[in-house]
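Encoded as structure tokens, the structure appears first; notes follow it.
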Amino acid sequence: MPGAIVVGAGIAGLTTALALASRGWSVRVHERADGLDPVGAGIQLSPNALDVLDRLGVAIGSVGVAADSVVLRDGPSGRRIATVPVESSDGRGYRVLHRADLQRVLLDAVRSAPGIAMHLGRTFASLGDGSSGIRAVFETAAGPVHDEADLLIAADGVRSAVASHFRLQPPRPSGAVALRYSSTADPGESPSAAIEAWLGARRHAVRYRIDEAGRENIVIIVPESDPTLGPVLGWDPRLAASIERARPLGSWPLSTVEPRWRAPGHRPVAFVGDAAHAMLPYAAQGAAMAIEDAFVLAACLGASPSRAKALARYEALRAPRLGKVLQRVAFHRRVYHLPRPLSLARDAALALRSPASLRRDLAWLYDWRAEDGASISEI
Ligand SMILES: Cc1cc2nc3c(=O)[nH]c(=O)nc-3n(C[C@H](O)[C@H](O)[C@H](O)COP(=O)(O)OP(=O)(O)OC[C@H]3O[C@@H](n4cnc5c(N)ncnc54)[C@H](O)[C@@H]3O)c2cc1C
């Protein structure tokens with residue numbers, strides 16, 4: 001049975017462990033934290049990610065709430081600019097939930113999957129060649145321990161220590177900061193299945209419910225040069241009231257990672273999730289891409305006895321997809337933060353588009369399905 005070491009037990013690491021185990025791998029996940037605490041805030045899961053979770057048997061169905069659209073609003077006035085439906089063409093839904101709830105269902109699936117062992121309190125320190133492939137050293141409270149396997153998967157996030165080991169490019173500050181809040185829905189407002197985004201000059205805010213009890217997630221992207229709410233509290237009174245009711249969760253300076261998929265020198269090391277391609281949250285696709293990576297990597301490894309070929313195929317399949325997502329992120333960054341009068345031209349152009357035509361713009365993203373057939377079996 002082939003064996004893999006997964007470094008990091010975030011969304012990427014846990015999904016990769018499940019995807020590999022489903023193809024008969026023995027997996028050991030090594031996580032730096034001593035406990036998997038329910039950290040983070042809200043997360044959106046688009047149909048492309050939900051399809052993968054479904055195939056891996058992760059029971060996400062009743063976690064969080066279903067969302068049907070993104071409603072774009074002018075920040076200062078609250079005026080509706082456009083509605084973008086978020087279901088896929090085949091009717092697969094879109095869910096919004098707390099990251100901790102996603103991590104919990106992934107952990108439940110990991111615990112009941114045969115062939116996955118979890119090791120907490122282990123910090124990746126270094127790696128070298130092993131008798132069967134790769135040998136990694138982890139720091140623990142009791143001193144260093146090592147592990148050997150055919151393959152190592154770096155799922156250790158934006159500040160990946162595995163990437164540093166290979167002297168790959170460090171994360172790049174983006175100039176943007178995310179201010180995050182946990183709020184409660186206004187009992188006077190009827191429950192909405194929409195994700196709302198308020199757009200303004202150099203800032204935008206996103207709000208959505210994450211459970212039936214009316215817990216709300218709010219994230220406001222602001223410039224690093226002025227990492228405050230600034231004018232946002234004077235925007236749409238509905239948004240301002242939500243923020244006033246909210247508990248601040250802190251601020252996240254946002255960094256990005258130039259995509260990388262495997263280690264240099266044909267070492268049996270692959271990168272997934274933020275360790276591979278941390279991106280700005282403007283298209284809500286960071287975790288979704290981590291989930292796609294996991295499935296495609298496992299499918300490539302399952303389709304080829306040659307690890308080197310499988311990793312090359314993984315890169316060949318993921319790089320163009322990521323490139324397209326990053327273009328979309330850059331597009332949103334430009335158009336969401338336009339100052340007046342440019343924003344008025346944007347709003348007028350969007351007002352001419354029907355919801356169906358706006359949805360068609362995103363079909364390539366949401367309709368993606370984790371095909372383990374044609375493209376992967378060509379190896
Ligand atoms: C404001 C904001 C909003 C977002 N909204 C969305 C959204 O709506 N939809 C979406 O899809 N994505 C969203 N994202 C992105 C998403 O949160 C991330 O892309 C995703 O969580 C990354 O998961 P990961 O497992 O790759 O990394 P992480 O969650 O960072 O996990 C890495 C794990 O590795 C461990 N680790 C680190 N170093 C070591 C080491 N040396 N040794 C051992 N273990 C180690 C860490 O403790 C951690 O558990 C958002 C991000 C932000 C900042």
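Atoms within a ligand are numbered from 1 in the order they appear, just like the ligands themselves. Computed from a prediction, not measured in an experiment: that's the story for all the values here.
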query = Considering distance alone, does some N or O of Ala287 sit under 3.5 Å from an N or O of ligand 1?
reply = yes

ask   = Would one find an N or O of Ala288, backbone or side chain, under 3.5 Å from an N or O of ligand 1?
value = yes

ask   = Just going by heavy-atom distances, which of His30, His119, Glu31 is nearest to atom 46 (C) of ligand 1?
value = Glu31

task = Find all atoms of ligand 1 within a distance of less than 4.0 Å from any non-hydrogen atom belonging to Gly286, and give their numbers and elements.
result = 10 (C), 11 (O), 12 (N), 15 (C), 19 (O)

note = A student checking ligand 1 against Leu254 at a 4.0 Å heavy-atom cut-off should list atoms 53 (C)

inquiry  = With a heavy-atom distance limit of 4.0 Å, tell me whether Leu45 approaches ligand 1 through its side chain, its backbone, both, or neither.
reply    = neither

ask   = Can you find a heavy atom in the side chain of Met279 that is under 4.5 Å from one in the side chain of Val325?
value = yes

key: Close N or O approach (Gly42, ligand 1; < 3.5 Å)   = no

query = Are any of the protein's heavy atoms under 4.0 angstrom from atom 14 (N) of ligand 1, yes or no?
reply = no

ask   = At the 4.0 Å heavy-atom cut-off, does Ala155 count as touching ligand 1?
value = yes

task = Tell me, please, which residues at least two apart from Arg262 pass salt bridge (charged side-chain N to carboxylate O under 4.0 Å, His left out).
result = Glu315

message = Going by the closest heavy atom to atom 3 (C) of ligand 1, which one wins out of Arg99, Arg180, Arg159?
response = Arg180

message = Go through it in stages, so that I can follow the logic: the residues are Glu292 and Arg318, the test is salt bridge (charged side-chain N to carboxylate O under 4.0 Å, His left out), and I'd like the CA-CA distance, side-chain angles, deciding distance and then a yes or no.
response = CA-CA 9 Å; Glu292 287 188 8; Arg318 295 304 292 151; 2.9 Å; yes

Gly273: numbered ligand 1 atoms lying under 4.0 Å from its heavy atoms = 26 (O)

query = Which atoms of ligand 1 have any heavy atom of Gln285 under 4.0 Å away?
reply = 10 (C), 11 (O)

task = Indicate yes or no: does an N/O atom of Ile11 lie under 3.5 Å from an N/O atom of ligand 1?
result = yes

message = I'd like the name of whichever of Gly157, Gly10, Ala178 reaches closest to atom 27 (O) of ligand 1 through any heavy atom.
response = Gly157

Test of ring centre spacing under 6.0 Å for Tyr314 and Trp261 = yes

query = Given the rule in the salt bridge (charged side-chain N to carboxylate O under 4.0 Å, His left out) test, do Asp274 and Arg159 qualify, once you have shown the distances and angles that lead to the verdict?
reply = CA-CA 8 Å; Asp274 278 8; Arg159 290 181 211 294; over 6 Å; no

Arg95 vs Asp101, salt bridge (charged side-chain N to carboxylate O under 4.0 Å, His left out): CA-CA, chis, key distance, verdict = CA-CA 12 Å; Arg95 293 198 81 77; Asp101 292 333; over 6 Å; no

ask   = Under 3.5 Å, N or O to N or O, is Asp274 touching ligand 1 that way?
value = yes

query = Quick one: which ligand 1 atoms are inside 4.0 Å of a heavy atom on Thr123?
reply = 41 (N), 42 (N)

task = With heavy atoms only and a cut-off of under 4.0 Å, state how Met289 meets ligand 1: side chain, backbone, both or neither.
result = neither

ask   = Should Ala290 be counted as touching ligand 1, given the test is an N or O pair under 3.5 Å?
value = no

request  = Please say whether Ala12 places an N or O atom under 3.5 Å from an N or O atom belonging to ligand 1.
outcome  = yes

query = For residues 195-243, which residue pairs qualify under ring-ring contact (aromatic ring centres under 6.0 Å, His included), counting only residues two or more places apart or in two chains?
reply = His204-Tyr282, His204-Tyr336, His204-His337

task = Please name the residue in the list Arg346, Arg80, Arg340 that meets the side chain to side chain donor-acceptor pair (under 3.5 Å) test with Asp74.
result = Arg340

